[in-house]
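Values below: all heavy atoms of this structure, side chains included; hydrogens, waters and symmetry mates excluded.
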Amino acid sequence: MNILLINYEFPPLGAGASTATWHIGKELAAMGHRVLVVTSGFKKNTGYGLENGMTIYRCPAIRKKVSQSNLLEMASFVASAFICLPRLVRKHRIEGAIVFFSFPCGPLGLWINLLFKTPYIVSLRGGDVPGNEKRLDRIHKILTPLRRLVYRKSLAVVANSQGLKKMAEKADLYPVSVISNGIDTNFFTPAEKKLNGKYFRFMFAGRLSDQKNLFFMLSQLAKLKQAGFYRLKIHMAGDGPLKKKLQNFASEAGLSENIEWHGWVFKNRLLELYQNSHCFINPSFCEGMPNTVLEAMACGLIVIASNVPGNNDIIKHGQNGLLFDLSSHEEMRDFLGVVTKSHNLNEKLKRNARETVLKKFSWCKAATDFSYMLLTEKSNQCFISK
């Protein structure tokens with residue numbers, strides 16, 4: 001089957017959804033499908049390319065940073081893809097599409113459906129669902145009629161977690177299926193050697209944005225230090241609009257000598273950071289299905305995360321990680337103290353974290369589920385035409 005994937009982010013651009021697009025496309029190609037990915041160009045990197053059996057077409061866009069893009073930069077991709085897609089769909093004889101994000105990419109699925117009757121699946125990722133990120137509420141409200149049209153004309157709407165499914169169905173009363181993210185457990189593996197015991201190493205990876213609740217995380221780590229635990233190191237991997245403010249906050253909180261700011265890192269370096277850390281923290285206000293949590297668990301880290309949809313789809317408190325209530329300032333700090341002391345609990349959490357990912361989260365399964373939806377629709381169309 002000739003399958004089109006549309007996402008304004010694709011490696012090296014972007015974060016979780018970018019990674020998901022790469023892996024799903026790679027797995028679809030390995031199954032024998034012919035895969036075309038349409039994504040944003042970056043600087044001079046535009047036009048066609050080949051990668052892991054996928055054909056990549058990068059549309060001209062005005063994106064300026066690898067790690068993030070603003071609304072205008074997203075709109076530049078949509079406008080460019082709006083022009084390019086008719087030619088690409090005809091040239092590659094596209095039979096079905098997976099569109100990542102209801103916005104900004106959803107209207108592009110609607111566009112090719114109106115032109116060619118191409119069936120498309122909308123893959124919800126988190127921030128594109130009303131109610132998930134409060135700062136986007138006004139934009140979601142304005143776009144509600146178009147979003148619901150995108151859903152209505154789609155073959156299916158798919159969320160990557162049960163929590164996101166419930167949120168999407170509450171906002172639009174439209175049935176949503178669930179296909180979980182996967183993880184490359186052959187790449188993301190525990191360190192072969194034990195870390196030295198001089199420091200206990202905490203880690204965060206992701207966009208340095210309001211959604212991630214990072215001032216709270218740093219304040220709790222600072223209080224851990226003030227309580228007498230001086231042997232801590234903090235790895236911060238990522239970039240974003242709050243980077244300078246977070247660095248100033250960390251300095252004022254007395255964490256300057258404890259924290260390393262790594263900036264935006266690529267896959268191999270990210271693995272090194274996981275393998276050189278003891279505990280991963282994800283304090284987010286909201287999530288879809290956090291790839292970084294899955295990656296950390298696959299690497300055998302203890303995970304402390306906020307008890308929100310997405311995180312609590314993966315983590316079972318006390319079994320394969322620890323979940324704290326965002327309304328309790330003490331709970332996260334208590335857990336930080338616990339993991340620095342309790343060897344037996346830590347070993348249990350690390351072992352179960354890795355086993356959870358191995359058993360339940362596979363990119364091959366995710367790609368199979370998507371392709372099954374598209375192939376079923378193709379079979380139905382052939383039956384009707386006869």
Side-chain angles (χ1 to χ4, degrees), residues 16 126 131-134 161-164 166-167 181 200-229 231-238 242 246 249-250 253 255 258-259 274 277-354 356-357:
N132 200 23
E133 290 190 42
K134 296 300 181 184
S161 70
Q162 288 291 337
L164 196 63
K166 292 175 183 177
M167 193 174 292
N181 283 354
F200 193 93
R201 296 175 177 87
F202 295 96
M203 178 182 171
F204 168 82
R207 283 194 175 102
L208 307 185
S209 63
D210 288 323
Q211 174 205 346
K212 298 300 184 180
N213 196 22
L214 297 174
F215 290 105
F216 173 71
M217 181 189 79
L218 292 178
S219 70
Q220 300 310 302
L221 287 164
K223 288 178 180 178
L224 179 67
K225 182 179 178 181
Q226 291 163 10
F229 191 83
R231 297 181 295 103
L232 71 141
K233 291 289 184 183
I234 309 162
H235 293 298
M236 296 288 290
L242 296 182
L246 286 165
F249 182 86
L255 291 174
N258 305 96
I259 193 166
Y274 285 133
S277 301
H278 296 95
C279 176
F280 185 85
I281 306 174
N282 182 15
S284 294
F285 289 116
C286 55
E287 284 289 353
M289 173 65 73
N291 280 353
T292 53
V293 170
L294 290 172
E295 290 165 358
M297 292 172 71
C299 290
L301 272 70
I302 310 153
V303 175
I304 299 175
S306 51
N307 190 5
V308 298
N311 286 339
N312 57 28
D313 281 281
I314 307 168
I315 297 170
K316 303 306 175 189
H317 179 70
Q319 296 300 312
N320 58 7
L322 298 171
L323 293 170
F324 68 89
D325 190 335
L326 283 169
S327 65
S328 171
H329 287 192
E330 294 78 19
E331 197 168 39
M332 178 184 174
R333 186 163 68 252
D334 289 345
F335 291 159
L336 293 174
V338 165
V339 300
T340 62
K341 300 172 185 175
S342 180
H343 176 77
N344 289 338
L345 174 63
N346 291 354
E347 290 304 309
K348 170 188 170 183
L349 296 178
K350 291 191 290 185
R351 181 178 64 253
N352 290 346
R354 172 77 178 173
T356 297
V357 175

*Below 4.5 Å, heavy atoms only, C-beta onward: do L214 and M217 meet side chain to side chain?*
yes
*Atom CG of D313 and atom CD of E287: how far apart are they, to the nearest 0.5 Å?*
11.0 Å
_Quick one, K223 and H329 - any side-chain contact, counting heavy atoms below 4.5 Å?_
no
*Looking at side-chain heavy atoms only, is the closest gap between D210 and F285 below 4.5 Å?*
no
*Give a yes-or-no answer on whether the side chains of N312 and N307 include a donor-acceptor pair shorter than 3.5 Å.*
yes
*Contact summary for Q226 and A253, nearest pair of heavy atoms*: NE2-O, 4.3 Å
_Can you confirm whether L218 sits close enough to I259 that some side-chain heavy atom of one is under 4.5 Å from a side-chain heavy atom of the other?_
yes
_Result of checking K225, R201, K233 against N258 for side chain to side chain donor-acceptor pair (under 3.5 Å)_ = K225
*asked:* Can you confirm whether or not the ring centre of F202 sits under 6.0 Å from the ring centre of F204?
replied: no
_Is the shortest side-chain heavy-atom distance between H278 and L301 below 4.5 Å?_
no
*Distance flag, aromatic centroids of F335 and F324, threshold under 6.0 Å*: no
*Can you establish whether the number of heavy atoms outside K166 located under 6.0 Å from its atom NZ is more than 12?*
no
